[in-house]
Amino acid sequence: MNNSHNRDSKQETLSNVDNHAGTERKKEEKDLEQKENEKLEEYGQLTLENNQGKRKIHLLSIIGEVEGHENLSGNAKTTKYDHVLPKLAALEDDDSVDGMLVLLNTSGGDVDAGLAIAEMIASLSMPTVSLVLGGSHSIGVPLAVSTDYSFIVPTGTMMIHPVRMNGMVIGAAQTYEYFNMIQDRILRFISAHSRMEYDQVKTLMHNTKMLTRDLGTVLVGAQAVEEGLIDEVGGIREALRKLYQQIDGQKKD
């Protein structure tokens, strides 16, 4: 009788341990999910790892306006470069991450901040793919071409135009030289990371025939591919498929 009682006690103890472990596991999963949701809401970033090949992919969203040294209005959708740069450095240092997908729907923003993010993305050792959704204008153009391979949806737009400056501008020769230097940095980056030549990008940037109140060119979907700015027309399915191929190819090498 004592043996039976002892067995029941042991089974009850084991059951309690299992229930406790199960509760702890669920709590950990819930905490992890909450952190992922907070990260997505705060930074527009999360990890994709439920695909068939169990490839770990970091998703980076560049949405709204790229924010530089000055904070923009609290009502504006922004991508803060001081959030993005440390994350990119951490990704490069994390061997468990297989690749990165960049989603873009941006009106542009701070030139230095945008180029800083673009240079960081271009220097990552992991496979990277970008997808333009809605639009990727102004400094969004270098960001879109900074990855190993780029896609644009059929209705997506790319706007290439000269650098604009906010606030008071001093009308001196040095000011125009500075403008040209900034534009040269942008032109060189785009031509180095796409199939477009420097002069070709410059011609589109200074086009006077398309925009009635501004200089520049808007390319829609397939036009961006025809010009050599973007690699391919496609959506999320095609972008992920290409990224999987790049990751699998790198692992074989």
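Using a 4.5 Å heavy-atom cutoff, the side chains of Thr79 and Thr106 are not in contact. A heavy-atom distance below 4.5 Å is not found between the side chains of Asp110 and Ile139. Residues Met126 and His58 are not in side-chain contact: their nearest non-hydrogen atoms beyond the backbone lie 4.5 Å or more apart. Residues Ser191 and Glu197 are not in side-chain contact: their nearest non-hydrogen atoms beyond the backbone lie 4.5 Å or more apart.
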Checklist entry - Is there a side chain to side chain contact (heavy atoms under 4.5 Å, CB included) between Ile121 and Thr147 once you walk through the steps? => result CA-CA 6 Å; Ile121 293 172; Thr147 54; 3.8 Å; yes
Checklist entry - Would Ile236 and Leu101 satisfy side chain to side chain contact (heavy atoms under 4.5 Å, CB included), going step by step from the backbone distance to the final call? => result CA-CA 10 Å; Ile236 187 66; Leu101 175 65; 3.6 Å; yes
Item to check | Residue pair Leu204, Leu229: steps toward the side chain to side chain contact (heavy atoms under 4.5 Å, CB included) verdict | outcome: CA-CA 11 Å; Leu204 294 179; Leu229 185 61; over 6 Å; no
Checklist entry - For Asp248 and Arg55, what are the C-alpha separation, side-chain angles and deciding distance, and is it a side chain to side chain contact (heavy atoms under 4.5 Å, CB included)? => result CA-CA 9 Å; Asp248 294 343; Arg55 309 166 190 89; 3.0 Å; yes
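Met120 contributes atom CE, which lies 12.0 Å from atom OH of Tyr81 (distance to the nearest 0.5 angstrom). Remark: Asp98 CG to Lys54 NZ distance equals 12.5 Å, nearest 0.5 Å. Annotation: the span from Lys56 atom NZ to Asp95 atom CG amounts to 10.5 Å, rounded to 0.5 Å. Atom CD of residue Gln200 and atom CD1 of residue Ile190 lie 11.0 Å apart, to the nearest 0.5 angstrom. The structure places CG of Leu91 at 11.5 Å from OG1 of Thr128, a figure rounded to the nearest 0.5 Å. Note that NE2 of His161 is 11.0 Å distant from OG1 of Thr217, once rounded to the nearest 0.5 Å.
Across all their heavy atoms, Leu104 and Ser136 have their closest contact at CD2-OG, 3.7 Å. Val141 approaches Met159 most closely through the heavy-atom pair CG2-O, 3.5 Å. Taking both residues in full, the closest heavy atoms of Ser130 and Ala144 are given as OG-O, 2.7 Å, listed atom of the first, atom of the second, then distance. Counting all heavy atoms, side chain and backbone alike, Gln183 lies closest to Pro162 at OE1-CB, 3.1 Å. Residues Gly221 and Ile152 share a closest heavy-atom pair of O-CG2, 3.6 Å. Counting all heavy atoms, side chain and backbone alike, Ala118 lies closest to Pro142 at CB-O, 3.9 Å.
Checked by atom type and distance alone, the side chain of Gln250 pairs as donor or acceptor with a backbone atom of Ser125 at under 3.5 Å. Glu238 contributes a side-chain N or O that, together with a main-chain N or O of Gly235, makes up a donor-acceptor pair within less than 3.5 Å.
With sequence neighbours left out, His193 forms a ring-ring contact (aromatic ring centres under 6.0 Å, His included) with Phe189. Taking the ring-ring contact (aromatic ring centres under 6.0 Å, His included) definition, one finds that Tyr244 meets it with nothing, sequence neighbours left out.
Applying the salt bridge (Lys or Arg N to Asp or Glu O under 4.0 Å) definition to pairs two or more places apart or across chains, those involving residues 180-196 are Asp112-Arg185, Asp184-Arg188, Arg195-Asp231.
Asp148 and Lys242 are not joined by a salt bridge, as no carboxylate oxygen comes within less than 4.0 angstrom of a charged side-chain nitrogen.
Leu143 and Ile63 are not part of a single hydrophobic cluster, where members link through side-chain heavy atoms under 4.5 Å apart. Follow the hydrophobic side-chain contacts under 4.5 Å out from Val233 and you reach Met196 in the same cluster.
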